[in-house]
Structures are given as structure tokens and as C-alpha cells.
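FYI, side chains are in, hydrogens and waters are out, and symmetry mates aren't considered; it's all heavy atoms of this structure.
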Amino acid sequence: MIICPNCHHQEMPGSLFCSECGAQLVLSEAPTTQHIQRNPSDMLAIQPPPKSPISPPVQAGANEAAISLHMVDSGQVVQLTGQNEFTLGRVSEGQPILPDVDLSHYEAYSQGVSRLHAALKISNNRVVITDLGSSNGTRVNGQKIVPHVDYPLNHGDMIALGKFMIQILIRK
């Protein structure tokens, strides 16, 4: 285990950033961040979609939402097409399972992106994100999400994979 030098939270070996306070764990000098107290409202509340007694039938050619990822640092936009689920991560030598969206070209390693960090899913014109148990966590609009739980996304939401920032662009 790695102990965060800032808040003393225990992290898994290989973590680059503390999942509690965001401090960098591999340092060449003393840390410069402060611990910020968490509020109970820091976690996103999951609200199930309203239940309707009868769901309208989905037509065979119905258009699903289209997703694009705006890489905040580089300004590049990547369109995601051809699937209803996309894994986000980075490629590493000898890695047997590869992510659908390789963020290696955007210096993802140095920003704390795991090999298989998160998944985006499109279903019934809704887009959700799921953290796949990443080392450095996933945040939606600054709120840390719980691993392996689907969280709804809206057009323009900001996603942080570790410290790597992406803006989600959804066209319905």
C-alpha cells in the first residue's frame, strides 16, 4: 500500500494520485496540496429514471445518442461511433485487454489514467459512465463517482479520469 503524504489515505500500489485529496503520490519534492474536508454532498446521488407503466416501443432504426469526447488540454475532439459501449484507458506494453479509446497519445499515463479506467454506455438515448475500479478515480463535474455504478451524463459534462479532463458532447 502507498500512504498519501498529504491526508495519509492508503492507496493501491501504482496509484499516481490520492483518491481522497487528489495529491500526487510519486513526488520529487514535498507535497504542496492541502487536505480539503469532504461534505456528504461530494458524492453524486443516483436517481433512477422515472418509471412509466408502459414504455413506448423502440423502432428498429431508432437513432441512438452520438458521443464525442473533447480533450480539454489538446482541444481535439474524438467521435465515438459503431458501438453502444466504449472503454476508456491507455495502452501499456504486454497488456492483454485494450481499451476502445486509447488515451495514451494525450499523456494519459502522467495524468493518472488507468489501463481500463471507465466505460461509456449508450442505451435508449441515455449516456452513462462507469468507473471500472481505476486507481485514481473518476469524477463527473468535480464529483467523485463510486466504481462499478452507472452515472448519467448530460451534454457538456466534464469528466476527470485521474487528472485527465474530457468534456462529453452528446447529440441526440
Axial cation check for F17 ring with K163, 6.0 Å and 45° limits: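 Verdict for F17: a cation-pi partner in K163.
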
Heavy-atom distance under 4.5 Å between the side chains of [X] and [Y], does that happen here?
{"X": "L69", "Y": "L120", "result": "yes"}
{"X": "C7", "Y": "C18", "result": "yes"}
{"X": "L103", "Y": "F164", "result": "yes"}
{"X": "C4", "Y": "E20", "result": "no"}
{"X": "T130", "Y": "K121", "result": "yes"}
{"X": "Q79", "Y": "I67", "result": "no"}
{"X": "V140", "Y": "M158", "result": "no"}

Out of curiosity, does [Y] fall in the hydrophobic cluster containing [X] (side-chain heavy atoms, cut-off under 4.5 Å, transitive links)?
{"X": "I168", "Y": "V101", "result": "yes"}
{"X": "M71", "Y": "V127", "result": "yes"}
{"X": "V78", "Y": "F86", "result": "yes"}
{"X": "V128", "Y": "V149", "result": "no"}

Is it true that a side-chain atom of [X] and a backbone atom of [Y] form a donor plus acceptor pair closer than 3.5 Å?
{"X": "N141", "Y": "D157", "answer": "no"}
{"X": "S68", "Y": "V77", "answer": "no"}
{"X": "D131", "Y": "G133", "answer": "yes"}
{"X": "S74", "Y": "Q76", "answer": "yes"}

Measure the [atom1]-[atom2] distance between [X] and [Y] for me, rounded to the nearest 0.5 Å.
{"X": "Y151", "Y": "K144", "atom1": "OH", "atom2": "NZ", "result": "10.5 Å"}
{"X": "R115", "Y": "Y109", "atom1": "CZ", "atom2": "OH", "result": "8.5 Å"}
{"X": "M12", "Y": "S19", "atom1": "CE", "atom2": "OG", "result": "11.0 Å"}
{"X": "D100", "Y": "T87", "atom1": "CG", "atom2": "OG1", "result": "3.5 Å"}
{"X": "I159", "Y": "L88", "atom1": "CD1", "atom2": "CG", "result": "7.5 Å"}

N136 vs S15, side-chain contact (heavy atoms from CB on, under 4.5 Å): CA-CA, chis, key distance, verdict: CA-CA 6 Å; N136 295 306; S15 297; 3.9 Å; yes

Could you pull out the closest heavy-atom pair between [X] and [Y], with the gap in Å?
{"X": "H155", "Y": "I170", "result": "ND1-N, 3.0 Å"}
{"X": "V91", "Y": "P99", "result": "CG2-CD, 4.2 Å"}
{"X": "Q95", "Y": "R90", "result": "OE1-O, 3.1 Å"}
{"X": "L132", "Y": "H148", "result": "C-CE1, 3.6 Å"}
{"X": "L161", "Y": "I166", "result": "CD1-CD1, 3.9 Å"}
{"X": "M1", "Y": "P13", "result": "N-CG, 4.2 Å"}

Check: E11/S135 side-chain N/O donor and acceptor closer than 3.5 Å: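 E11 vs S135: no donor-acceptor pair found between side chains.
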
Set of side chain to side chain donor-acceptor pair (under 3.5 Å) partners for S104, sequence neighbours left out: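 Applying side chain to side chain donor-acceptor pair (under 3.5 Å) to S104 gives D102.
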
Test side-chain contact (heavy atoms from CB on, under 4.5 Å) applied to H117 and T138, step by step: CA-CA 8 Å; H117 197 107; T138 301; 3.2 Å; yes

Stepwise side-chain contact (heavy atoms from CB on, under 4.5 Å) check, Q111 with D73: CA-CA 11 Å; Q111 295 193 43; D73 286 345; 3.5 Å; yes

